[in-house]
Each structure stands twice: as C-alpha cells, then as structure tokens.
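Every heavy atom of this structure was used, including side-chain atoms; hydrogens, water molecules and symmetry mates were not. Note on naming: letters A, B, ... go to the chains in the order of the sequence lines (proteins, then strands), and numbering restarts at 1 for each one.
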Amino acid sequence: MSLVFNEKKMPSKTHTLMDFLAKKTNEGKIAVEEEHVEEIQPSKVKTSRGEEVKDIPLSYLISATYDGERGAVCLKLYNETEQKIYLWYDNTDYKPYCLSDLPPEEVKEVPGIINHPGFQRLEIVEKYDSLNYRGKLMTKIVAKDPLSIGGRIGNSIRDILPKAWEADIKFHENYVFDRRLKVGMPYKVEDSKLIPVEYELPDEVLRIIKSIFKDEPEEYVEYVIRWLSLLELKVPKISRLAVDIEVAGEVITRVPNPKEAKDPIVAVSLIGSDGLRKVILLKRKGVEEGVEDVDAEIEYFDSEKELILKVFNYLEKYPFILTFNGDDFDLPYLYYRARRLGVEVDKIPIERGRDSTLIKNGVHIDLYKFFFNKSIQVYAFGQKYRENTLDEIGDALLGMGKVDIEIPISELTYMELAKYCLRDSEIVYGLTSMNNDLVMKLILVLARITSTPVEDLTRQGISNWIRNMMLYEHRVRGWLIPRKEDLLAIKGKITTKAIIEGKKYRGGEVITPKPGVHFNVAVLDFQSMYPSIVRQYNISYETLNCNHQECRSNIVPGTTHWICTKDRGLTSLLIGSLKDVRVKWYKPRSKDKSLSSEVREWYNVVQSSLKVILNASYGVFGAENFALYCPTVAEAITSIGRYVITRTVEKAESLGVEVIYGDTDSLFLKSPTKSQIEALMNWAEKELGMELDIDRIYRYVVLSSRKKNYLGVYQDGTVDVKGLTGKKRHIPDFIKDAFMEMMKILGSVNSFEDFEKAKESIIELYKESYNRIKRGNVPIDKLAFKVMLSRSPEGYVKTTPQHVKAALLLKQKGIDVRAGDIISFVKVATDPGVKPIQLIRSTSEIDTDKYIEYLESTFEQVLDALDIDLISMAGSRSLWSFMPSKKQ
DNA sequence: GCGGACTGCTTACCT
DNA sequence: ACAGGTAAGCAGTCCGCG
C-alpha cells in the first residue's frame with residue numbers, strides 16, 4: 001500500500017458551485033447566491049446614547065445579537081474616534097429559516113408547519129450537497145421569529161419536520177454568514193444602509209504574494225489574498241472599562257447567589273483605558289476609614305441604589321466592559337440587586353441571557369471564559385497558568401499578586417476594601433493591556449478569521465470558532481451544511497484501532513527511545529505536521545471516500561479510506577491556505593528587523609492567532625461536539641502522520657543515520673552530517689510533499705527506555721526537560737529544587753569524560769537532599785504535593801485518591817473545596833496517609849520514608865539512563881544516613 | 001487475615 | 001467541551017495460603 005498522490009498530482013482547481021450545478025443538474029438558474037433584497041425601511045439605527053440616527057461613520061463590526069423586542073438582528077459597531085458603540089438594527093427584513101429536503105407541496109402536508117404560528121413562507125433554494133456530490137433542491141421554511149424554527153419548547157418547526165437542515169444555526173450567526181459580514185472589519189451606515197468599507201491590499205503586498213505563491217493554482221492564491229485582506233488591516237484601539245464588585249454578606253459563601261442578591265454591594269472598582277481609576281464605596285455604620293493608601297479616586301454613597309445607578313452610568317459610558325466572571329456574577333448581581341432596590345428594567349443597561357450577561361449598548365467581555373479556553377491557555381499563553389482564578393492568572397501573566405484579606409469583607413475598613421476591590425479590576429484591565437493590548441488584538445483577529453462575533457468568540461470554545469469559519473465557507477460556496485448524523489453515517493466508519501482503550505481511532509506514532517547518553521543530536525520535525533497533511537494530502541470530509549471510481553486506489557495508508565484526486569477539499573483549502581499565510585507571510589515578518597517594531601508586533605499577533613486555529617484544526621474533527629464531527633477525517637490525518645514519520649525513519653536509516661527517538665512529528669538523529677540532514681529534508685519534500693526542518697540541536701540527549709521522557713542539553717548549557725517527574729507541577733518544591741540542581745550539574749557536562757565528575761556531584765546532591773529529609777530539615781510547604789481536584793470531592797466514586805482524601809479533611813473543617821482547586825497536602829505516617837498542609841502542626845508528622853522514595857525515583861529516572869545505580873554509587877543507605885528511618 | 005500480582009483510576013505530561 | 005499516547009502512583013480486587 002502506498003500513497004500515490006503527491007503535490008503535483010493534486011487537482012489545481014475546485015469546481016465552483018456554478019460548475020457543479022451546470023454539470024450535475026439541469027437547473028438553469030441558481031437561487032442560492034442571491035443577496036437578500038435590501039428593503040429600506042424607516043431608519044432603525046440607534047447610537048449607544050439612545051438617539052436614533054441615520055448614518056454611522058466608519059466603525060468596526062464587533063458583534064451581532066438578536067433583539068427579541070424588535071424582532072431583528074442587532075449589529076454592534078465600534079467607532080474608534082468617538083470611542084463608542086453604534087447599534088444597527090437589520091432593516092432588510094432578514095428572516096430565520098431552516099431547510100427541508102421535501103418539496104414544498106409535501107412540506108405543506110406536514111401537520112403543524114404552515115399553520116405554525118411562526119410560519120411565514122416557503123421558498124425553493126438550490127444547494128450543492130457535498131455528501132452526495134450533486135446539486136439539490138431544498139425547501140426553505142421561513143419563519144417570523146427564531147424561536148419558531150428552533151425554540152426549545154418542542155413544537156418548533158425543526159422538531160416537527162421529519163428532517164431539518166441548517167436548523168441549529170443561531171439567527172444572528174445565519175445573518176453574518178448569509179450577508180457575508182466580515183466581523184472585525186470596517187463598515188459604515190448611510191441612509192440606514194449597512195455598507196462595507198472595503199480594505200484594499202497594497203499593490204506591493206499583492207505583488208509579493210503572487211510571487212510567493214506563483215506555483216499555486218489561482219483559486220489557492222485567491223484564498224491567500226482573502227486572508228490577507230482580513231489580517232493586514234490593524235484593529236482599532238479598544239476603549240474599555242474593567243469592573244469588579246464586592247458584596248458583603250453575613251454568611252460567607254464563596255460566591256453569593258446573584259439571583260437572590262440579598263446582600264448589599266459595598267464596593268465597585270473601575271479601571272478605564274482612559275486612565276480612570278476609581279472605587280465607589282457604600283457608606284455603612286461602624287466601618288472605619290482605615291489607613292491604607294489607595295491609588296484611586298474614592299467616591300462614597302449613602303444609598304446603595306444611587307451607587308448602582310452611578311455604576312450603570314459608567315457602564316454606559318464605555319464601549320467595552322471587561323469583567324472576570326461578570327457573566328455569572330458581577331453583572332447579574334448588579335442587575336438583580338438593582339431590581340430589588342426598585343430600579344426599572346429599562347434603566348438597567350444589563351441584559352440577562354441564557355449563558356451570558358451582556359451590556360445593552362456595549363460589548364461585554366468576560367475574561368474568565370476567554371482565559372479558561374484551553375486553546376488560549378496552551379497556545380497563546382504557553383500554559384503559564386493552570387488554575388482559572390483571577391489571582392493565579394494575574395500572578396502568572398502579570399506578576400500581580402492578590403491583596404490578602406483574612407477577615408470577611410464586611411469587617412474591612414473602607415481603605416482595605418477599596419484596595420482589595422481595586423486590585424481585581426487592575427488585574428482584569430492588566431490582562432488586556434499587557435504586551436500592547438495583546439489580548440484585545442487576539443480577540444479581534446480570531447473573530448476576523450473565524451467570522452465569529454466578539455461576544456460569542458470570548459464565550460465559546462475553539463470548536464465553535466472553527467465551525468463558524470467552515471459554515472461561512474459553506475454559505476460562500478452555496479453548499480448545504482451536512483447534518484451531523486448524515487456526515488457520520490456516510491463518512492464515519494473508522495478503520496483503525498486506538499492504543500488507548502476507549503479512544504476512537506489511532507493517533508500519533510511514538511518511536512521507542514534508545515536508552516543512553518547521545519552526543520550531538522539533531523531534532524528534525526515536520527512543522528505543523530497535521531495542517532500540512534491536510535493541505536498536501538487534500539483532506540476534507542468530502543474528499544474522503546469520494547464518489548469517483550478512479551480515486552479508490554488513492555488509499556490512506558493503514559486504512560481502507562481513499563482520498564479524492566480530482567477536486568480540492570474545502571478543509572484542505574481553508575486550513576492549507578491559513579497555514580501558508582502563517583508560515584510564509586506572518587511568521588517571517590514577525591521577526592523581520594527591517595520592519596518597524598509596531599508592524600512586527602502586529603504580525604506576531606496574527607501569527608499567534610493563526611497558530612491557535614491551526615493547532616486545533618485536526619482535533620475538532622475527532623470531537624463529538626464539533627458541528628462537522630468526522631472521526632475518519634481525524635483518522636486519515638493521523639494515519640498519514642504515522643506513514644510520514646515511519647517512512648522518514650526508514651529513509652534516515654538507509655542514509656546511515658541512527659534515529660534514537662521520535663514522537664509524532666519529530667525525529668532525534670544521532671550525530672548526523674550536514675549532508676545527511678539535507679538529503680533527508682530533500683527526500684521528505686520530494687517524496688512526501690512535507691517540509692522537514694531542523695528544530696533544535698543538542699550537545700547531548702539523555703534517554704531512558706521511557707517514551708515522552710528525555711533531557712536535552714543545548715550547546716550553551718540550557719537544559720530541556722520533557723516529561724520527567726522532576727518537572728511535574730504537582731511534586732513538592734523540595735524535590736523539584738533538588739531535580740533542578742541536578743539539571744544544573746548536567747548542563748555543565750561538555751564531553752563524555754565530564755560525566756564522571758557530574759556523577760559524583762549528583763550523588764553528593766542526592767545524599768544531601770536525603771539527609772535533609774531524614775533530619776526533618778525541610779520546611780513543610782516545600783514538601784507539599786499540589787494536585788488539582790478535577791471534580792467536587794463527592795464526584796470521586798470509584799476510588800479516593802490522596803488529594804481527594806486531603807480535600808475531604810479540609811471539608812470536615814468547614815473549608816470550601818470545589819472542582820478546579822489545587823489541593824496542597826503532605827504525606828504523613830498516621831491514618832489516611834495524607835494531611836492538607838493547612839492542618840499540619842509540626843514536621844514530626846511527616847512520613848519521611850515516602851519522601852525518600854519520591855526523591856529516589858525522581859533521581860533514578862535520569863540516572864538509570866546515565867547508567868548510574870543510585871544505591872550502589874551512594875553506598876548502602878545506613879552508611880550515610882544520620883537519622884535512622886522510622887521503620888528500622 | 002495477609003500480601004503480592006494485577007487491573008483500573010487519576011493526574012500530568014508530550015506532540 | 002480540539003485529539004490520542006505515555007508514565008507514575010495509588011486504590012481496590014483477586015487469589016493463594018492447609
């Protein structure tokens with residue numbers, strides 16, 4: 001079995017919808033692409049100040065929502081000069097709809113459709129059915145309101161229809177897709193009409209692009225240009241306000257219930273991008289002023305209602321409002337508290353949604369949700385933070401610690417309270433202002449790439465972003481969006497077996513490491529391997545197992561799937577062009593010193609955003625929740641990945657290079673010559689169509705027989721540690737510190753001869769650490785294991801791991817523990833074997849033997865690869881132990 | 001009733 | 001609420017043991 005396709009055999013052009021329809025149906029007229037007729041109605045344009053206007057100057061499209069009262073889509077546009085949000089209500093009479101494969105006559109026969117209270121009309125539309133490779137007439141059922149299509153009551157049109165297409169797309173999303181709106185790009189409104197302000201790429205850029213991609217088909221270059229037209233234009237400076245509230249209750253619960261809102265709001269802090277620093281405090285009996293110096297303007301209110309109205313005033317003044325968990329706490333609390341104090345609903349600028357809380361005439365960004373997003377955590381911030389508390393993220397990203405308070409909020413002095421409250425807003429604002437507003441830019445760039453409104457983007461996961469990007473593309477092409485179950489039934493037969501039980505398909509290949517110390521190691525890797533595979537091997541749900549007889553021999557190795565050799569796949573084109581735009585344009589230019597630092601920085605934002613999308617583009621196809629879930633697509637990608645790496649290993653060996661390790665997309669080569677590396681890279685390019693790069697060169701690498709565990713030392717002595725216990729975050733600092741010391745010693749090793757000295761130093765280090773533990777000479781907090789509680793303690797029903805035991809002990813003491821908390825505990829000799837660090841009274845409780853075991857195994861992971869036997873080298877334990885162990 | 005061999009659960013990592 | 005693959009430690013169970 002072999003892959004017969006390579007780059008040169010790839011189809012150069014995807015047939016347009018027009019081609020397909022002309023070829024495969026006899027319909028002469030195509031209704032799909034028709035723009036919605038703009039019926040100009042009396043102006044429905046409103047500014048954020050509430051007055052109606054007819055025109056909106058150049059402003060950036062930020063968000064789209066649905067206004068139930070007006071029954072229309074509402075667009076939020078941001079004007080940079082005036083620093084305000086303009087609202088524009090759809091006046092084209094755009095209506096919600098879904099599709100049926102039944103002809104109109106039959107739809108009329110379905111009970112409950114045409115007499116549905118929300119029913120408006122039927123239309124015939126022609127779509128391209130990408131699962132069955134033909135044009136298809138569909139009946140469009142148009143409704144008066146979105147709930148009639150997809151309400152949750154059960155008698156919505158999509159539930160009544162035997163089969164409904166495109167019925168799970170929110171009304172405002174449909175609007176963005178169908179109107180081809182470019183989120184994050186400039187628009188203006190003239191005579192109540194929304195007009196895009198086209199951004200033209202400079203000729204110079206066009207010229208360079210055309211030369212970089214001169215060998216690519218025209219259609220491919222069009223995609224590249226499309227991305228650049230979205231990404232070359234910088235985003236506006238976002239004027240914003242960070243808000244945080246404090247509530248004082250008698251009972252201390254972790255988060256007061258906002259729906260009850262029974263305790264008063266005693267402090268609100270505000271930090272604005274215009275320099276505003278303010279804390280608003282509620283005057284209460286018996287509260288002292290306090291002595292702290294607070295770097296903010298302080299305003300007192302005697303009436304809580306007045307205080308809240310003042311806050312509302314600020315919320316309306318700024319176009320963007322930032323909070324941390326404001327969706328579930330701060331904003332709803334303000335809302336319900338205001339209601340409780342008798343504020344009229346229309347005086348409250350806050351809008352409660354099902355899973356969000358928005359600002360009526362502004363844009364609310366809840367940073368909790370955005371920073372919680374795994375893709376953002378991992379790819380944008382390199383896993384610098386692991387907990388999702390404001391303190392932790394602020395500490396990790398800004399070095400801003402929390403203001404410690406040890407007494408309930410109600411007992412703080414005004415100044416203590418102000419300081420405490422202010423800090424949270426400082427962190428929230430700081431998170432968006434660091435690195436020249438990186439986060440704000442990231443949000444807008446991601447919104448542009450994925451056609452996702454900002455208010456959705458900051459609340460949804462990456463699978464939704466990629467979904468939006470792909471649905472938009474379906475609409476552009478006039479493709480019917482496949483129903484999830486049809487996609488799975490037609491394309492979803494998996495043919496590989498996962499190694500891990502319970503997983504759906506086989507993943508990446510890990511090459512068994514050759515244990516020992518290897519000098520002069522080059523690590524080669526396939527840069528963004530999976531996106532490259534998608535691009536080069538034409539991966540897409542519709543190219544997988546296509547309908548052409550002649551493509552059936554184009555087998556994906558290790559599977560029974562074949563890939564189309566005739567038509568370029570939609571996913572392949574989207575992901576492929578995005579990858580190229582990143583690798584060939586934004587990444588090099590983000591480092592190009594001939595460009596201004598401002599431009600470089602912008603290019604860096606764009607390339608990071610692209611990285612976020614690209615890195616997730618494979619995974620989403622294997623995720624059940626993804627709207628275009630297609631595990632066979634994921635399976636094809638990993639299968640080709642294994643094929644690529646395996647063939648490359650064979651080739652390397654045939655070139656006489658020893659491959660000592662490799663994981664998924666990387667190869668560790670032992671002392672290769674320049675020409676061997678070059679030969680391998682050329683071969684990969686030519687035979688596999690894949691770019692192989694030199695990722696890093698190590699002076700030496702220490703391998704054990706364990707996969708995903710190694711230690712690499714660079715020429716300059718820097719040490720890379722991968723997977724070893726000594727670097728895992730949950731292990732005690734004492735052990736981590738000792739491990740790092742060992743790394744320092746290894747970093748100084750230059751030659752094989754140096755190892756002898758290093759071995760001695762390491763043994764000395766080990767002995768010293770051993771004795772410190774035995775003598776009880778280690779501070780307790782350095783002995784704490786810190787393990788994340790992934791569910792609430794009651795959620796562990798099968799086993800009770802140690803950190804859960806510790807958590808339960810905390811709970812017994814009345815300390816609140818919940819999912820996401822990191823439990824600090826030490827190992828003790830008495831009953832359950834563990835004790836939370838808060839409950840430890842003296843070092844004598846510590847189970848020293850357990851710590852010795854841990855120390856030993858941490859060191860052994862490195863030392864057994866160096867062929868050092870810890871016990872024999874260090875001599876028998878009792879000889880150099882100053883304290884007898886407890887069991888002896 | 002105890003202990004070793006084994007399996008399964010859980011977390012944290014790698015790409 | 002993007003994937004699968006790997007290591008490690010512990011919890012819990014099975015089984016033999018006159």
Side-chain angles (χ1 to χ4, degrees), chain A residues 355 369 372-379 383 386 459-467 494 496-513 523 525-531 575 612-631 633-639 641-642 645 661-668 695 704-710 712 720-731 785-791 795-805 822-823 827 832-834 850 853-854 856-858 860-861:
Chain A
D355 34 35
K369 287 191 176 153
F372 190 78
N373 189 308
K374 211 184 124 200
S375 294
I376 295 301
Q377 248 171 74
V378 175
Y379 299 116
Q383 275 187 311
R386 356 212 64 232
R459 288 171 176 78
Q460 298 173 346
I462 189 133
S463 65
N464 260 308
W465 307 351
I466 295 180
R467 160 200 184 255
I494 291 166
T496 59
K497 193 177 175 303
I499 288 174
I500 305 172
E501 205 183 335
K503 299 288 184 186
K504 289 163 291 200
Y505 58 89
R506 190 85 177 262
E509 183 76 17
V510 188
I511 296 158
T512 309
V523 181
D525 73 349
F526 291 99
Q527 284 261 336
S528 34
M529 183 196 232
Y530 288 170
I575 300 301
V612 169
I613 303 289
L614 290 168
N615 274 321
S617 64
Y618 137 77
V620 292
F621 284 101
E624 277 104 335
N625 300 332
F626 183 49
L628 297 170
Y629 171 55
C630 192
V633 162
E635 179 187 37
I637 296 169
T638 58
S639 298
R642 292 192 302 277
I645 200 79
Y661 179 58
D663 187 350
T664 311
D665 59 1
S666 67
L667 292 172
F668 287 52
D695 188 51
S704 67
S705 57
R706 301 168 189 88
K707 294 169 171 179
K708 297 184 190 283
N709 269 257
Y710 64 84
D720 261 353
V721 180
K722 298 289 176 184
L724 302 179
T725 304
K727 92 172 255 194
K728 297 205 174 178
R729 310 231 178 188
H730 72 281
I731 70 156
F785 287 85
K786 286 167 255 168
V787 180
M788 161 103 66
L789 202 60
S790 69
R791 4 186 158 129
Y796 294 84
V797 282
K798 287 171 178 149
T799 57
T800 312
Q802 295 193 322
H803 66 295
V804 180
K805 284 179 181 159
I822 292 199
I823 307 294
K827 308 218 180 198
V834 292
K850 275 273 178 260
E853 270 177 43
Y854 239 95
E856 196 178 300
S857 73
T858 305
E860 263 178 354
Q861 269 191 358

Short side-chain N/O contact from [X] to OP1 or OP2 of [N], under 4.0 Å:
| X | N | value |
| --- | --- | --- |
| A:Ser617 | C:dC2 | no |
| A:Ser463 | C:dC2 | yes |
| A:Arg506 | C:dA3 | no |

Self-check item: Under the salt bridge (charged side-chain N to carboxylate O under 4.0 Å, His left out) test, residues paired with A:Lys369 that sit two or more places apart
Solution: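 Partners of A:Lys369 by the salt bridge (charged side-chain N to carboxylate O under 4.0 Å, His left out) criterion, ordered by chain and then number, come out as A:Asp327.
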When we call it a touch if two heavy atoms are under 4.0 Å apart, what does [X] touch: a base, just sugar-phosphate, or nothing?
| X | value |
| --- | --- |
| A:Asp525 | nothing |
| A:Tyr854 | sugar-phosphate |
| A:Phe526 | nothing |
| A:Phe626 | nothing |
| A:Ala634 | nothing |

From the list [options], which nucleotide is the closest neighbour of the side chain of [X]?
| X | options | value |
| --- | --- | --- |
| A:Thr725 | C:dG5, C:dA8, C:dA3 | C:dA8 |
| A:Ile462 | C:dG12, C:dC2, C:dC10 | C:dC2 |
| A:Thr799 | C:dA1, C:dA11, C:dA3 | C:dA11 |
| A:Tyr618 | C:dT6, C:dA3, C:dC10 | C:dA3 |

Self-check item: Heavy-atom side-chain contact between A:Tyr618 and A:Met529 under 4.5 Å
Solution: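 The answer is no; the side chains never approach within 4.5 Å.
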Quiz item: Nearest nucleotide by nearest heavy atom, which residue falls closer to the 5' end of DNA chain C, A:Ala623 or A:Gly508?
Solution: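 This one resolves to A:Ala623.
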Distance, rounded to the nearest Å, where [X] contributes [atom1] and [N] contributes [atom2]:
| X | N | atom1 | atom2 | result |
| --- | --- | --- | --- | --- |
| A:Leu724 | C:dA7 | CG | P | 12 Å |
| A:Phe785 | C:dA8 | CZ | C1' | 12 Å |
| A:Gln460 | C:dC2 | CD | P | 11 Å |

Practice problem: On DNA chain B, reading 5' to 3', which nucleotide is the first and which the last to sit with an atom under 4.0 Å from a heavy atom of chain A, could you check? | Solution: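 In short, chain A contacts DNA chain B from B:dC9 to B:dT15.
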